[in-house]
2 protein chains.
Amino acid sequence: MGTDEKKVAESVAWRPGGAVKHAEQALMAEKSRVLRPFGLTVPQYAAMYALSLAPGISGAKLARLCSVTPQSMATVIKTLESRGLVERRPSSDHAQVLVTRLSRAGQALLRKADAEAVAVERRLVDAFTPDEIALLRELLERAVVVLTDGGHDDDASF
Amino acid sequence: MGTDEKKVAESVAWRPGGAVKHAEQALMAEKSRVLRPFGLTVPQYAAMYALSLAPGISGAKLARLCSVTPQSMATVIKTLESRGLVERRPSSDHAQVLVTRLSRAGQALLRKADAEAVAVERRLVDAFTPDEIALLRELLERAVVVLTDGGHDDDASF
DNA sequence: AGGCGTACATCAGGGCTTTGATAGTTCGGG
DNA sequence: CCCGAACTATCAAAGCCCTGATGTACGCCT
(Lines give C-alpha, C1' and ligand atoms only; values in the text may rest on other atoms or scores of the structure.)
Protein backbone atom coordinates (compact mmCIF):
# COMPACT_ATOMS: atom_id res chain seq x y z
CA MET A 1 0.00 0.00 0.00
CA GLY A 2 2.66 2.43 -0.84
CA THR A 3 1.41 5.96 -1.16
CA ASP A 4 -2.34 5.56 -1.37
CA GLU A 5 -2.43 4.41 -4.94
CA LYS A 6 -6.23 4.62 -5.10
CA LYS A 7 -6.33 8.24 -4.09
CA VAL A 8 -3.56 9.28 -6.44
CA ALA A 9 -5.19 7.52 -9.34
CA GLU A 10 -8.33 9.55 -8.74
CA SER A 11 -6.39 12.78 -8.63
CA VAL A 12 -4.78 11.95 -11.92
CA ALA A 13 -7.98 10.85 -13.58
CA TRP A 14 -10.43 13.59 -12.65
CA ARG A 15 -9.29 15.92 -15.39
CA PRO A 16 -11.57 15.84 -18.41
CA GLY A 17 -8.56 15.44 -20.65
CA GLY A 18 -7.93 12.16 -18.92
CA ALA A 19 -11.25 10.78 -20.10
CA VAL A 20 -10.53 11.73 -23.68
CA LYS A 21 -7.08 10.24 -23.53
CA HIS A 22 -8.39 7.07 -21.96
CA ALA A 23 -11.01 6.63 -24.66
CA GLU A 24 -8.50 7.25 -27.41
CA GLN A 25 -6.12 4.73 -25.88
CA ALA A 26 -8.86 2.12 -25.63
CA LEU A 27 -9.81 2.74 -29.23
CA MET A 28 -6.23 2.46 -30.44
CA ALA A 29 -5.62 -0.66 -28.39
CA GLU A 30 -8.70 -2.39 -29.74
CA LYS A 31 -8.00 -1.44 -33.33
CA SER A 32 -4.41 -2.58 -32.96
CA ARG A 33 -5.67 -5.87 -31.64
CA VAL A 34 -7.95 -6.61 -34.56
CA LEU A 35 -5.40 -5.34 -37.07
CA ARG A 36 -2.48 -7.32 -35.70
CA PRO A 37 -3.35 -10.57 -37.48
CA PHE A 38 -2.98 -8.70 -40.76
CA GLY A 39 0.39 -7.30 -39.78
CA LEU A 40 -0.96 -3.77 -39.94
CA THR A 41 -0.68 -0.92 -37.46
CA VAL A 42 -3.46 1.59 -37.05
CA PRO A 43 -1.67 4.36 -38.97
CA GLN A 44 -0.87 1.91 -41.75
CA TYR A 45 -4.50 0.88 -41.99
CA ALA A 46 -5.63 4.51 -41.94
CA ALA A 47 -3.27 5.39 -44.77
CA MET A 48 -4.41 2.44 -46.85
CA TYR A 49 -8.03 3.27 -46.22
CA ALA A 50 -7.56 6.86 -47.32
CA LEU A 51 -5.59 5.61 -50.29
CA SER A 52 -8.48 3.39 -51.31
CA LEU A 53 -10.75 6.43 -51.40
CA ALA A 54 -8.27 8.68 -53.17
CA PRO A 55 -6.02 6.57 -55.40
CA GLY A 56 -2.93 8.22 -56.79
CA ILE A 57 -2.92 10.99 -54.21
CA SER A 58 0.31 12.72 -53.20
CA GLY A 59 2.01 11.90 -49.94
CA ALA A 60 1.42 15.38 -48.60
CA LYS A 61 -2.30 15.26 -49.29
CA LEU A 62 -2.49 11.80 -47.80
CA ALA A 63 -0.83 13.14 -44.69
CA ARG A 64 -3.43 15.89 -44.42
CA LEU A 65 -6.27 13.41 -44.81
CA CYS A 66 -4.87 11.29 -42.01
CA SER A 67 -4.13 14.30 -39.81
CA VAL A 68 -0.44 13.62 -39.51
CA THR A 69 2.69 15.41 -40.68
CA PRO A 70 4.15 14.62 -44.10
CA GLN A 71 7.15 13.10 -42.35
CA SER A 72 5.03 10.68 -40.39
CA MET A 73 3.17 9.68 -43.50
CA ALA A 74 6.46 9.21 -45.31
CA THR A 75 7.62 6.61 -42.82
CA VAL A 76 4.27 4.84 -42.92
CA ILE A 77 4.27 4.77 -46.70
CA LYS A 78 7.85 3.57 -46.78
CA THR A 79 7.09 0.50 -44.72
CA LEU A 80 3.92 -0.20 -46.70
CA GLU A 81 5.91 0.09 -49.90
CA SER A 82 8.61 -2.25 -48.61
CA ARG A 83 5.90 -4.86 -48.11
CA GLY A 84 4.50 -4.35 -51.57
CA LEU A 85 1.17 -3.09 -50.30
CA VAL A 86 1.43 0.26 -52.05
CA GLU A 87 3.27 1.46 -55.13
CA ARG A 88 4.77 4.88 -55.83
CA ARG A 89 5.82 6.37 -59.13
CA PRO A 90 6.73 9.87 -60.21
CA SER A 91 3.76 11.80 -61.54
CA SER A 92 3.77 12.50 -65.26
CA ASP A 93 2.61 16.10 -65.04
CA HIS A 94 4.17 17.08 -61.72
CA ALA A 95 7.82 16.08 -61.73
CA GLN A 96 8.00 16.57 -57.99
CA VAL A 97 5.13 14.55 -56.60
CA LEU A 98 5.08 10.80 -56.12
CA VAL A 99 1.79 9.21 -57.07
CA THR A 100 0.89 6.58 -54.51
CA ARG A 101 -1.69 3.84 -54.91
CA LEU A 102 -2.60 0.49 -53.38
CA SER A 103 -1.14 -2.57 -55.04
CA ARG A 104 -3.41 -5.52 -55.76
CA ALA A 105 -2.11 -7.21 -52.65
CA GLY A 106 -2.77 -4.02 -50.73
CA GLN A 107 -6.35 -3.84 -51.93
CA ALA A 108 -6.96 -7.44 -50.99
CA LEU A 109 -5.46 -7.01 -47.53
CA LEU A 110 -7.31 -3.78 -46.91
CA ARG A 111 -10.63 -5.38 -47.78
CA LYS A 112 -10.15 -7.97 -45.08
CA ALA A 113 -8.65 -5.64 -42.50
CA ASP A 114 -11.31 -3.02 -43.08
CA ALA A 115 -14.05 -5.44 -42.16
CA GLU A 116 -12.46 -5.89 -38.75
CA ALA A 117 -11.79 -2.22 -38.23
CA VAL A 118 -15.31 -1.26 -39.17
CA ALA A 119 -16.61 -3.90 -36.79
CA VAL A 120 -14.83 -2.16 -33.93
CA GLU A 121 -16.38 1.19 -34.75
CA ARG A 122 -19.69 -0.52 -35.19
CA ARG A 123 -19.52 -2.16 -31.79
CA LEU A 124 -18.90 1.29 -30.41
CA VAL A 125 -21.82 2.87 -32.24
CA ASP A 126 -24.17 0.06 -31.29
CA ALA A 127 -23.54 0.68 -27.61
CA PHE A 128 -25.18 4.08 -27.87
CA THR A 129 -28.36 5.56 -29.22
CA PRO A 130 -28.03 7.69 -32.35
CA ASP A 131 -28.76 10.74 -30.22
CA GLU A 132 -25.95 9.90 -27.88
CA ILE A 133 -23.52 9.45 -30.74
CA ALA A 134 -24.50 12.79 -32.19
CA LEU A 135 -24.16 14.39 -28.78
CA LEU A 136 -20.76 12.89 -28.21
CA ARG A 137 -19.54 14.08 -31.59
CA GLU A 138 -20.90 17.55 -30.95
CA LEU A 139 -19.24 17.84 -27.55
CA LEU A 140 -15.92 16.60 -28.87
CA GLU A 141 -16.01 18.97 -31.81
CA ARG A 142 -16.70 21.87 -29.51
CA ALA A 143 -13.75 20.80 -27.40
CA VAL A 144 -11.53 20.80 -30.46
CA VAL A 145 -12.64 24.32 -31.36
CA VAL A 146 -11.98 25.58 -27.86
CA LEU A 147 -8.54 24.01 -27.78
CA THR A 148 -7.37 25.11 -31.20
CA ASP A 149 -8.98 28.48 -31.77
CA GLY A 150 -9.00 29.73 -28.23
CA GLY A 151 -5.90 30.53 -26.28
CA HIS A 152 -2.87 31.65 -28.28
CA ASP A 153 -3.33 35.35 -28.83
CA ASP A 154 0.01 35.80 -30.56
CA ASP A 155 -1.01 38.76 -32.68
CA ALA A 156 -3.91 37.52 -34.69
CA SER A 157 -4.37 41.17 -35.54
CA PHE A 158 -4.31 40.97 -39.28
CA MET B 1 -8.10 19.60 -57.08
CA GLY B 2 -7.23 15.98 -57.49
CA THR B 3 -9.71 13.37 -56.36
CA ASP B 4 -12.50 15.26 -54.64
CA GLU B 5 -10.61 16.01 -51.51
CA LYS B 6 -13.65 17.41 -49.74
CA LYS B 7 -15.68 14.28 -50.25
CA VAL B 8 -12.89 11.98 -49.18
CA ALA B 9 -12.25 13.97 -46.04
CA GLU B 10 -15.87 13.48 -45.06
CA SER B 11 -15.70 9.76 -45.65
CA VAL B 12 -12.65 9.55 -43.45
CA ALA B 13 -14.07 11.71 -40.71
CA TRP B 14 -17.55 10.32 -40.23
CA ARG B 15 -16.45 7.50 -37.97
CA PRO B 16 -17.00 8.24 -34.29
CA GLY B 17 -13.45 7.17 -33.59
CA GLY B 18 -12.31 10.04 -35.73
CA ALA B 19 -13.90 12.55 -33.41
CA VAL B 20 -12.21 11.05 -30.38
CA LYS B 21 -8.87 10.98 -32.12
CA HIS B 22 -9.27 14.54 -33.27
CA ALA B 23 -10.06 15.75 -29.78
CA GLU B 24 -7.14 13.87 -28.29
CA GLN B 25 -4.81 15.33 -30.91
CA ALA B 26 -6.02 18.84 -30.22
CA LEU B 27 -5.55 18.31 -26.51
CA MET B 28 -2.04 16.96 -26.93
CA ALA B 29 -1.09 19.73 -29.33
CA GLU B 30 -2.30 22.43 -26.99
CA LYS B 31 -0.63 20.92 -23.96
CA SER B 32 2.59 20.50 -25.90
CA ARG B 33 2.41 24.14 -26.87
CA VAL B 34 2.10 25.46 -23.34
CA LEU B 35 4.68 23.00 -22.02
CA ARG B 36 7.30 23.71 -24.69
CA PRO B 37 8.69 26.84 -22.98
CA PHE B 38 9.59 24.64 -20.02
CA GLY B 39 11.31 22.08 -22.21
CA LEU B 40 8.81 19.43 -21.16
CA THR B 41 6.82 17.02 -23.26
CA VAL B 42 3.34 15.92 -22.25
CA PRO B 43 4.45 12.48 -21.02
CA GLN B 44 7.28 14.08 -19.07
CA TYR B 45 4.87 16.48 -17.43
CA ALA B 46 2.43 13.68 -16.67
CA ALA B 47 5.14 11.62 -15.02
CA MET B 48 6.33 14.54 -12.92
CA TYR B 49 2.79 15.37 -11.91
CA ALA B 50 2.13 11.81 -10.78
CA LEU B 51 5.47 11.82 -9.03
CA SER B 52 4.49 14.92 -7.11
CA LEU B 53 1.43 13.11 -5.81
CA ALA B 54 3.22 9.87 -5.05
CA PRO B 55 6.85 10.62 -4.17
CA GLY B 56 9.22 7.69 -4.05
CA ILE B 57 6.98 5.47 -6.12
CA SER B 58 8.45 2.64 -8.22
CA GLY B 59 8.82 3.00 -11.96
CA ALA B 60 6.30 0.26 -12.60
CA LYS B 61 3.64 1.88 -10.46
CA LEU B 62 4.33 5.23 -12.03
CA ALA B 63 3.81 3.63 -15.42
CA ARG B 64 0.45 2.29 -14.33
CA LEU B 65 -0.63 5.68 -13.04
CA CYS B 66 0.23 7.27 -16.35
CA SER B 67 -1.35 4.44 -18.35
CA VAL B 68 1.79 3.49 -20.21
CA THR B 69 4.04 0.44 -20.23
CA PRO B 70 6.98 0.24 -17.84
CA GLN B 71 9.30 0.51 -20.83
CA SER B 72 7.81 3.78 -21.96
CA MET B 73 8.01 5.17 -18.47
CA ALA B 74 11.61 4.04 -18.22
CA THR B 75 12.61 6.15 -21.20
CA VAL B 76 10.70 9.16 -19.88
CA ILE B 77 12.31 8.84 -16.47
CA LYS B 78 15.72 8.43 -18.01
CA THR B 79 15.55 11.72 -19.84
CA LEU B 80 14.10 13.47 -16.80
CA GLU B 81 16.91 12.06 -14.71
CA SER B 82 19.53 13.19 -17.21
CA ARG B 83 18.23 16.73 -16.77
CA GLY B 84 18.33 16.49 -13.01
CA LEU B 85 14.58 16.86 -12.65
CA VAL B 86 14.12 13.54 -10.88
CA GLU B 87 16.40 11.37 -8.76
CA ARG B 88 16.43 7.60 -8.45
CA ARG B 89 18.01 5.47 -5.79
CA PRO B 90 17.74 1.84 -4.87
CA SER B 91 15.09 1.21 -2.24
CA SER B 92 16.38 0.24 1.17
CA ASP B 93 13.89 -2.54 1.82
CA HIS B 94 13.36 -3.74 -1.74
CA ALA B 95 16.74 -4.27 -3.34
CA GLN B 96 15.06 -4.52 -6.70
CA VAL B 97 13.01 -1.36 -6.99
CA LEU B 98 14.34 2.08 -7.78
CA VAL B 99 12.75 4.79 -5.69
CA THR B 100 12.05 7.82 -7.85
CA ARG B 101 11.29 11.33 -6.67
CA LEU B 102 11.35 14.88 -7.96
CA SER B 103 14.49 16.88 -7.34
CA ARG B 104 14.18 20.41 -6.00
CA ALA B 105 14.64 21.73 -9.52
CA GLY B 106 11.99 19.31 -10.68
CA GLN B 107 9.52 20.50 -8.08
CA ALA B 108 10.12 24.11 -9.01
CA LEU B 109 9.73 23.45 -12.72
CA LEU B 110 6.61 21.36 -12.21
CA ARG B 111 4.97 24.09 -10.18
CA LYS B 112 5.29 26.52 -13.06
CA ALA B 113 4.46 24.06 -15.81
CA ASP B 114 1.46 22.72 -13.92
CA ALA B 115 -0.12 26.15 -13.80
CA GLU B 116 -0.08 26.26 -17.61
CA ALA B 117 -1.29 22.70 -18.03
CA VAL B 118 -4.14 23.20 -15.61
CA ALA B 119 -5.09 26.38 -17.45
CA VAL B 120 -5.58 24.36 -20.62
CA GLU B 121 -7.90 21.90 -18.93
CA ARG B 122 -9.67 24.78 -17.28
CA ARG B 123 -10.27 26.53 -20.58
CA LEU B 124 -11.78 23.30 -21.77
CA VAL B 125 -14.03 22.90 -18.76
CA ASP B 126 -15.15 26.51 -18.88
CA ALA B 127 -16.43 26.08 -22.41
CA PHE B 128 -19.07 23.66 -21.19
CA THR B 129 -21.71 23.53 -18.50
CA PRO B 130 -21.03 21.16 -15.60
CA ASP B 131 -23.80 18.96 -16.94
CA GLU B 132 -22.16 18.76 -20.31
CA ILE B 133 -18.81 17.86 -18.79
CA ALA B 134 -20.41 15.11 -16.75
CA LEU B 135 -22.22 13.85 -19.81
CA LEU B 136 -19.07 13.83 -21.89
CA ARG B 137 -17.21 11.91 -19.23
CA GLU B 138 -20.01 9.41 -18.91
CA LEU B 139 -20.21 8.79 -22.64
CA LEU B 140 -16.45 8.40 -22.95
CA GLU B 141 -16.31 6.02 -20.04
CA ARG B 142 -19.03 3.91 -21.53
CA ALA B 143 -17.08 3.83 -24.77
CA VAL B 144 -14.01 2.61 -22.91
CA VAL B 145 -16.00 -0.17 -21.30
CA VAL B 146 -17.46 -1.26 -24.61
CA LEU B 147 -14.07 -1.27 -26.27
CA THR B 148 -12.15 -3.08 -23.55
CA ASP B 149 -14.63 -5.49 -22.01
CA GLY B 150 -16.68 -6.30 -25.06
CA GLY B 151 -15.37 -8.11 -28.07
CA HIS B 152 -12.65 -10.62 -27.46
CA ASP B 153 -14.48 -13.77 -26.52
CA ASP B 154 -11.38 -15.93 -26.38
CA ASP B 155 -12.82 -18.51 -24.05
CA ALA B 156 -13.88 -16.64 -20.97
CA SER B 157 -15.67 -19.88 -20.20
CA PHE B 158 -14.49 -20.41 -16.70
C1' DA C 1 13.96 -25.09 3.00
C1' DG C 2 12.70 -25.28 -1.71
C1' DG C 3 9.57 -23.87 -5.32
C1' DC C 4 6.34 -21.05 -7.66
C1' DG C 5 4.02 -16.92 -8.79
C1' DT C 6 4.36 -11.96 -8.70
C1' DA C 7 6.57 -7.78 -9.41
C1' DC C 8 10.45 -4.83 -10.95
C1' DA C 9 13.95 -3.24 -14.07
C1' DT C 10 16.08 -3.56 -18.53
C1' DC C 11 17.77 -4.93 -23.21
C1' DA C 12 16.42 -5.38 -28.03
C1' DG C 13 13.83 -4.18 -31.94
C1' DG C 14 10.13 -1.96 -34.74
C1' DG C 15 7.14 1.93 -35.52
C1' DC C 16 5.09 6.43 -35.10
C1' DT C 17 5.44 11.45 -34.44
C1' DT C 18 7.20 15.94 -34.10
C1' DT C 19 10.30 20.02 -35.04
C1' DG C 20 13.76 21.92 -37.93
C1' DA C 21 16.22 22.29 -42.13
C1' DT C 22 17.27 21.42 -47.18
C1' DA C 23 16.08 21.27 -51.92
C1' DG C 24 13.52 20.87 -56.23
C1' DT C 25 9.02 22.21 -58.73
C1' DT C 26 5.17 24.96 -60.21
C1' DC C 27 2.67 29.06 -60.91
C1' DG C 28 1.38 33.70 -60.90
C1' DG C 29 2.28 38.57 -60.38
C1' DG C 30 5.45 42.40 -60.86
C1' DC D 1 11.22 37.55 -67.73
C1' DC D 2 12.38 36.71 -63.23
C1' DC D 3 11.33 36.23 -58.48
C1' DG D 4 8.85 34.87 -54.69
C1' DA D 5 5.07 32.16 -52.60
C1' DA D 6 3.20 27.64 -52.16
C1' DC D 7 3.74 22.84 -52.50
C1' DT D 8 6.40 18.47 -52.41
C1' DA D 9 9.71 15.26 -50.84
C1' DT D 10 13.37 14.05 -47.74
C1' DC D 11 17.23 14.03 -44.26
C1' DA D 12 18.28 14.41 -39.38
C1' DA D 13 17.58 14.29 -34.52
C1' DA D 14 14.76 13.45 -30.40
C1' DG D 15 11.19 11.26 -28.11
C1' DC D 16 7.49 8.18 -27.17
C1' DC D 17 5.27 3.68 -27.25
C1' DC D 18 4.58 -1.13 -27.83
C1' DT D 19 5.72 -6.31 -28.01
C1' DG D 20 8.76 -9.77 -26.51
C1' DA D 21 12.27 -11.63 -23.77
C1' DT D 22 15.66 -11.70 -19.74
C1' DG D 23 17.35 -11.75 -15.19
C1' DT D 24 16.67 -10.86 -10.49
C1' DA D 25 14.40 -10.10 -5.98
C1' DC D 26 10.37 -11.08 -2.81
C1' DG D 27 6.88 -13.48 -0.52
C1' DC D 28 3.96 -17.01 0.27
C1' DC D 29 2.75 -21.76 0.36
C1' DT D 30 3.92 -26.40 0.65
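Proteins come first, then strands; the chains are lettered A, B, ... in the order of their sequence lines, and each starts at number 1. Note: hydrogens, waters and symmetry copies are ignored here, and every other heavy atom, side chains too, is used. None of these values were measured; they are calculated from a predicted model.
Nearest to the side chain of A/P70, among D/dC17, C/dC8, D/dT10, sits D/dT10.
If you take CD of A/E30 and P of D/dC18, they are 15 Å apart, rounded to a whole angstrom. Regarding A/E24, its CD atom lies at a distance of 13 Å from the C1' atom of D/dC17, rounded to whole Å. Rounded to an integer number of Å, the gap from CG of A/L40 to C1' of C/dC16 is 15 Å. Rounding to whole angstrom units, CG of residue A/D93 and P of C/dG24 are separated by 21 Å. Here C/dA12 presents its C1' atom at 11 Å from NZ of B/K78, a figure rounded to the nearest Å. Note: CE (B/M28) to P (C/dT17) measures 11 Å, nearest angstrom. Distance, A/H94 NE2 to D/dT8 P: 9 Å, rounded to whole Å. The separation between B/E81 atom CD and C/dA9 atom C1' is 13 Å, rounded to whole Å.
At the phosphate of C/dG20, neither OP1 nor OP2 sits under 4.0 Å from any side-chain N or O atom of B/R36. The side chain of A/R88 places an N or O atom within less than 4.0 Å of a non-bridging phosphate oxygen (OP1 or OP2) of D/dT10. Listed pair A/S72 / C/dT18 meets the phosphate criterion, a side-chain N or O lying under 4.0 Å from OP1 or OP2. For the OP1/OP2 pair of D/dC16 and a distance below 4.0 Å, the side-chain nitrogens and oxygens of B/Q44 include at least one atom meeting the criterion. The side chain of A/T69 places an N or O atom within less than 4.0 Å of a non-bridging phosphate oxygen (OP1 or OP2) of C/dT18. In terms of phosphate contacts, B/R83 brings a side-chain nitrogen or oxygen within less than 4.0 Å of OP1 or OP2 of D/dG15.
Of the possible polar contacts, one joining the A/S103 side chain to the A/G84 backbone as a donor-acceptor pair under 3.5 Å is found. Side-chain N or O atoms of B/R101 include none that pairs as donor or acceptor with a backbone N or O of B/A54 at under 3.5 Å.
A salt bridge between A/K31 and A/E116 is absent, with no side-chain N of the basic residue lying under 4.0 Å from a carboxylate O of the acidic one.
Looking at A/Q96, its side chain comes within 3.5 Å of the base of D/dT8 through a donor and an acceptor atom. A donor N or O paired with an acceptor N or O is not found under 3.5 Å between the base of C/dG13 and the side-chain atoms of B/Q71.
Heavy-atom distances to DNA chain C give each of B/V97 and A/S67 a nearest nucleotide, and the one nearer the 5′ end belongs to B/V97. Across the interface with DNA chain D, nearest-nucleotide mapping of B/T41 and A/L98 shows A/L98 to be the residue nearer the 5′ end. Toward the 5' end of DNA chain C, the nearer of the two residues B/Q25 and B/S58, judged by each one's closest nucleotide, is B/S58.
Using a 4.0 Å heavy-atom cutoff across all strands shown, B/A74 reaches no nucleic acid atom at all. The residue A/T75 sits close to a base: some heavy atom pair falls under 4.0 Å.
A/T79 and A/S82 share no side-chain donor-acceptor pair at under 3.5 Å.
Rounding to the nearest 0.5 Å places OG of A/S58 at 9.0 Å from CG of A/L98.
By the 6.0 Å contact criterion, CZ on A/R83 is enclosed, its count of non-hydrogen atoms from other residues, nucleotides or ligands being greater than 12.
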